[in-house]
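Below is one structure, written out as structure tokens; the observations come after it.
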Amino acid sequence: SETHAEREDAMNISQHNRVGSLQRGTLTLLMALIVPIGILHACLQKPQPRITHSLGSSTQQVDVLWLKQEILTKITSGGNGTIYAMPISREWLMAINARDGTPIWNTELPLERGGGARGLLTNQNTVFVTTNIIADAYETTTGKLQWSTRLGNGHVSVIPQLDSNILRIYYGGKLIELDPKTGKMLTTIPKDNITWVSGDVVLQSSTTKQVVALDRRSNKSLWTNDRLFYIDEGKQPLDIGDGKLIVGFVRGICALDLRTGKYNWCRPEIYISNLAIDYQSQRGFAMRDDLMLLTIDLHTGKVLGETRFLSSKLVDEQLGFLSSIAFSNGVVVVSFSDSGQTFGLEFK
């Protein structure tokens, strides 16, 4: 018969085998986890194929005046042949010669200004940087800070607009108007159902999703349109003069006549955030999702020319390839976020 000592030995051997099996299982599990992590680390360390863009065919004569290996965001253009922009980090406000891409000046922005920049606008004398707390004004020639005005406590949408001699800011549920020369707050009213203000015309959205135009002085109704356009940060209407606005929708743009309330033309393949305006010649330059740069007659909406950009990567594999587009002094500036390239193009 089995002795007590033999039973204890058997139990010890069985326990030892269970511990060994558990240890081997744990080791196997750890190896299963460590190996994929090692493979992932190796993949991350491996240099990824670089995306590059180049100018392809065009139905117009176009020259590449300059090319910078730099991403420019929130580009705005002045009437003095200068563009104003920020790098992707938004740590600096830069002035760049539109004709050759050379820097003129740069100004370091405090973190709460630069990193939180929500809007960038300019007129002849001033560059305006708006955040969700502050509006700042810088001299166009030197980059020196002229004034700074606190807007509020933040955590709201911020859509700036230059309208004649007013810096207007759609600040969450408020509509704020500032003197662009001094930064003095002129009016602050509830935004309510106001969609956009252009001169003496106030555009409102009705409960039935219509656009209602009112005369700002008399509050008299001017017209009603059944198709309400879309506004968001970086997607605000563009005033092209002669009582017309280019407005955007979730997809597509239209030219709205403020006198009649009619949409004179529409182009469904263009986002308003991808559109730059040449006010003098009344042409627009818009980048489509397939990297085709269109030249558009702003009076008719007709496409005047097509310029193809080529990419080293399939377009349908890219996401958010366009950083910004602007026009100044005869030059179309196109910046790509995926390749880190900024082009200065001249159309003849």
Side-chain angles (χ1 to χ4, degrees), residues 65-151 158-169 171 176-186 233-234 236 238-239 276-280 323-335 340 342-346:
L65 297 183
W66 50 271
L67 172 61
K68 297 170 70 74
Q69 196 62 49
E70 184 177 13
I71 304 173
L72 299 181
T73 186
K74 292 191 176 298
I75 301 177
T76 187
S77 57
N80 54 357
T82 306
I83 61 171
Y84 306 92
M86 298 178 184
I88 197 69
S89 64
R90 301 184 187 179
E91 296 175 348
W92 300 86
L93 174 62
M94 303 179 292
I96 299 170
N97 187 309
R99 297 298 301 176
D100 57 20
T102 57
I104 300 173
W105 54 256
N106 60 62
T107 297
E108 186 174 4
L109 299 175
L111 181 61
E112 66 273 16
R113 262 68 153 191
R118 308 281 280 273
L120 186 64
L121 296 171
T122 185
N123 59 21
Q124 289 285 348
N125 303 310
T126 312
V127 185
F128 305 95
V129 178
T130 55
T131 75
N132 61 359
I133 297 176
I134 294 171
D136 287 333
Y138 298 86
E139 291 182 354
T140 55
T141 54
T142 65
K144 181 181 178 181
L145 181 65
Q146 292 181 309
W147 54 257
S148 182
T149 300
R150 185 179 179 87
L151 301 173
V158 182
I159 302 174
Q161 174 198 11
L162 274 173
D163 184 19
S164 299
N165 294 319
I166 294 294
L167 174 61
R168 186 176 294 118
I169 301 172
Y171 189 78
I176 301 172
E177 292 185 336
L178 305 178
D179 183 333
K181 293 182 179 179
T182 65
K184 180 182 177 181
M185 198 169 289
L186 302 175
E233 292 184 18
Q236 53 264 49
L238 300 172
D239 189 336
I277 302 295
D278 176 3
Y279 293 95
Q280 184 173 354
S323 174
S324 51
I325 182 170
F327 180 90
S328 180
N329 196 23
V331 180
V332 181
V333 179
V334 180
S335 189
T342 299
F343 291 79
L345 307 176
E346 181 180 38

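None of these values were measured; they are calculated from a predicted model.
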Pairwise distance [atom1]([X]) to [atom2]([Y]) - rounded to 0.5 angstrom:
X    : Y    : atom1 : atom2 : result
E177 : L167 : CD    : CG    : 9.5 Å
W147 : D179 : CH2   : CG    : 8.5 Å
L238 : I277 : CG    : CD1   : 5.5 Å

Verify, without hydrogens or angle tests, whether [X] (side chain) and [Y] (backbone) share a donor-acceptor contact under 3.5 angstrom.
X    : Y    : value
T342 : E70  : yes
T149 : G183 : yes
W92  : A85  : no
S328 : A98  : no
T130 : R118 : no
T73  : I88  : no
Y171 : N132 : yes
E233 : V158 : yes

[X] versus [Y]: any side-chain heavy-atom pair under 4.5 Å?
X    : Y    : value
I75  : I96  : no
M94  : P103 : no
F327 : I83  : no
N123 : F128 : yes
R90  : L109 : no
V331 : R99  : yes
F343 : V332 : no
K68  : S335 : no

(request) Decide if atom CD of Q280 counts as having more than 12 heavy atoms of other residues, nucleotides or ligands within a radius under 6.0 Å. (result) no

(request) Give a yes or no on this: more than 12 heavy atoms of other residues, nucleotides or ligands lie within 6.0 Å of atom CG of N165. (result) no

(message) Set out, in order, the CA-CA distance, both residues' side-chain angles and the distance that settles side chain to side chain contact (heavy atoms under 4.5 Å, CB included) for I104 and Y84, then state yes or no.
(response) CA-CA 10 Å; I104 300 173; Y84 306 92; over 6 Å; no

(request) For the residue pair D136 and S148, confirm or rule out a side-chain donor-acceptor distance under 3.5 Å. (result) yes

(request) Could you walk me through whether T140 and T82 pass side chain to side chain contact (heavy atoms under 4.5 Å, CB included), step by step? (result) CA-CA 9 Å; T140 55; T82 306; over 6 Å; no

(request) Kindly indicate, with the supporting measurements, whether the criterion side chain to side chain contact (heavy atoms under 4.5 Å, CB included) is fulfilled by L151 and L178. (result) CA-CA 10 Å; L151 301 173; L178 305 178; 4.2 Å; yes

(message) If the test is side-chain hydrogen bond (donor to acceptor under 3.5 Å, both in side chains), which one of E139, K181, Q146 qualifies with T126?
(response) Q146

